[in-house]
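Written below as structure tokens is the structure these notes are about.
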Amino acid sequence: MKEEKSLLYFVTGNKNKFSEISQIFKNRQIPCKLKQLDLDLIEIQAENLEEIALFKLNSIKKEINESFFVEDAGFFVDDPLNGFPGVYSSYVFKTIGNEGMLSLIKDYETSKAQFRAIIALYYKPLDKILIFQGNVQGKISNKIRGTHGFGFDPIFIPNEIPGKTFSELLIDEKNAISHRGIAIENLIDFLKKIKKSVEKFP
Ligand code: IMP
């Protein structure tokens, strides 16, 4: 008999994020069926991504009767902007965008930037909240390049693939090294370990 997979909701209105994560679930043997749930999430202004993700998760916990997760990400230009825009990434993207960000950088070669992602999971079988994270280091491109992805992807060059921006990578290539890809792999490891221990001690 075919095993019934349990449901796992990814609560997000961002279809790019959902495509990236569902592609990873498709490529791997995951003991869960992933579904997108587009609920209105309250975005608080806080000093770190973890606080924002946990606030989002707790604000909708009562509404969902299954395991679910939310994700919060940010773009941090460590050199020369001391981590700006960080937790203000969404606002900065909407206001000055990639052109504006490029205008703040003088020396692209020596620039240092990173994306960070935090995933907050509510895992119903254990009635527990767990946090998973991922980050990717790189630098800023001297111009907007590429057609894939979203947000700051066209101006970020990851250290792992120095000739290309995230926007010049295919979804699987970005997922293999990205902040979101790493965070979700950590979540998947957890799901697989839990499944194994349940099989050992049914
Ligand atoms: P959010 O609050 O998690 O939606 O992320 C804040 C902002 O960071 C978004 O509006 C995007 O501009 C940017 N961002 C987050 N993740 C990525 C990514 O994977 N690529 C490019 N930009 C991203």
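Indexing begins at 1, ligand by ligand and atom by atom, following the structure's order. Heavy atoms only: backbone and side chains are in, while hydrogens, waters and symmetry mates are out.
Considering only heavy atoms from C-beta on, Phe75 comes within 4.5 Å of Ile155 through its side chain. Looking at heavy atoms from C-beta onward, Phe132 lies out of side-chain contact with Asp189 at the 4.5 angstrom threshold. Tyr108 places a side-chain heavy atom less than 4.5 Å from the side chain of Ile140. Taking the side chain as every heavy atom from C-beta outward, Asp153 and Lys174 approach each other to under 4.5 Å. Side-chain contact check for Val70 versus Phe10: every heavy-atom pair is 4.5 Å or farther apart.
Here ring pair (Phe, Tyr, Trp, His ring centres under 6.0 Å) pairs that include residues 154-176, with residues two or more places apart or in two chains, are Phe115-Phe156, Phe115-Phe166, Phe156-Phe166.
For the pair His179 and ligand 1, the shortest N or O to N or O distance falls below 3.5 Å. Close N/O approach between Lys56 and ligand 1 is not found [any backbone or side-chain N/O within under 3.5 Å]. Looking at ligand 1, you won't find any N or O of Ser89 less than 3.5 Å from one of its N or O atoms. Of the N or O atoms in Lys174, one or more lie within a sub-3.5 Å distance of an N or O in ligand 1.
Atom 9 (C) of ligand 1 has its closest protein heavy atom at Ser90 CA, 4.3 Å. Among protein heavy atoms, atom 20 (N) of ligand 1 sits closest to Asp153 OD1, 2.6 Å. Here the heavy atom of the protein found nearest to atom 18 (C) of ligand 1 is Phe150 CZ, 3.4 Å. Of the protein's non-hydrogen atoms, the one nearest atom 16 (N) of ligand 1 is Arg180 NH2, 2.9 Å. Annotation: atom 5 (O) of ligand 1 to nearest protein heavy atom, Ala73 O, 3.1 Å.
Heavy-atom distances between Asn14 and ligand 1 stay at or above 4.0 Å for every pair. Between Phe152 and ligand 1 there is a heavy-atom distance shorter than 4.0 Å.
Neither the backbone nor the side chain of Phe166 comes within 4.0 Å of ligand 1, counting heavy atoms alone. Of all the heavy atoms of Lys94, none lies under 4.0 Å from any atom of ligand 1, so neither backbone nor side chain is involved.
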Name the atoms and distances for all side-chain donor-acceptor pairs under 3.5 Å in residues 92-99, with sequence neighbours left out.
{"unit_1": "Thr95", "atom_1": "OG1", "unit_2": "Tyr91", "atom_2": "O", "d": "2.8"}
{"unit_1": "Thr95", "atom_1": "OG1", "unit_2": "Val92", "atom_2": "O", "d": "3.3"}
{"unit_1": "Asn98", "atom_1": "ND2", "unit_2": "Gly151", "atom_2": "O", "d": "3.1"}

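With respect to the salt-bridge test (charged N to carboxylate O, under 4.0 angstrom), the residues Glu109 and Lys139 qualify.
Interface of Gly151 with ligand 1, defined as ligand atoms under 4.0 Å from a residue heavy atom, comprises 12 (O), 21 (C), 22 (N). Close approach of ligand 1 to Lys17 (heavy-atom distance below 4.0 Å) involves ligand atoms 1 (P), 3 (O), 4 (O).
By the 30° and 60° cut-offs, the orientation of the rings of Tyr123 relative to Phe190 is perpendicular.
Among Phe156, Phe75, Phe115, Tyr88, the residue whose heavy atom sits closest to atom 23 (C) of ligand 1 is Phe115.
Without hydrogens or angle criteria, Glu63 side chain to Ile60 main chain gives no donor-acceptor distance under 3.5 Å.
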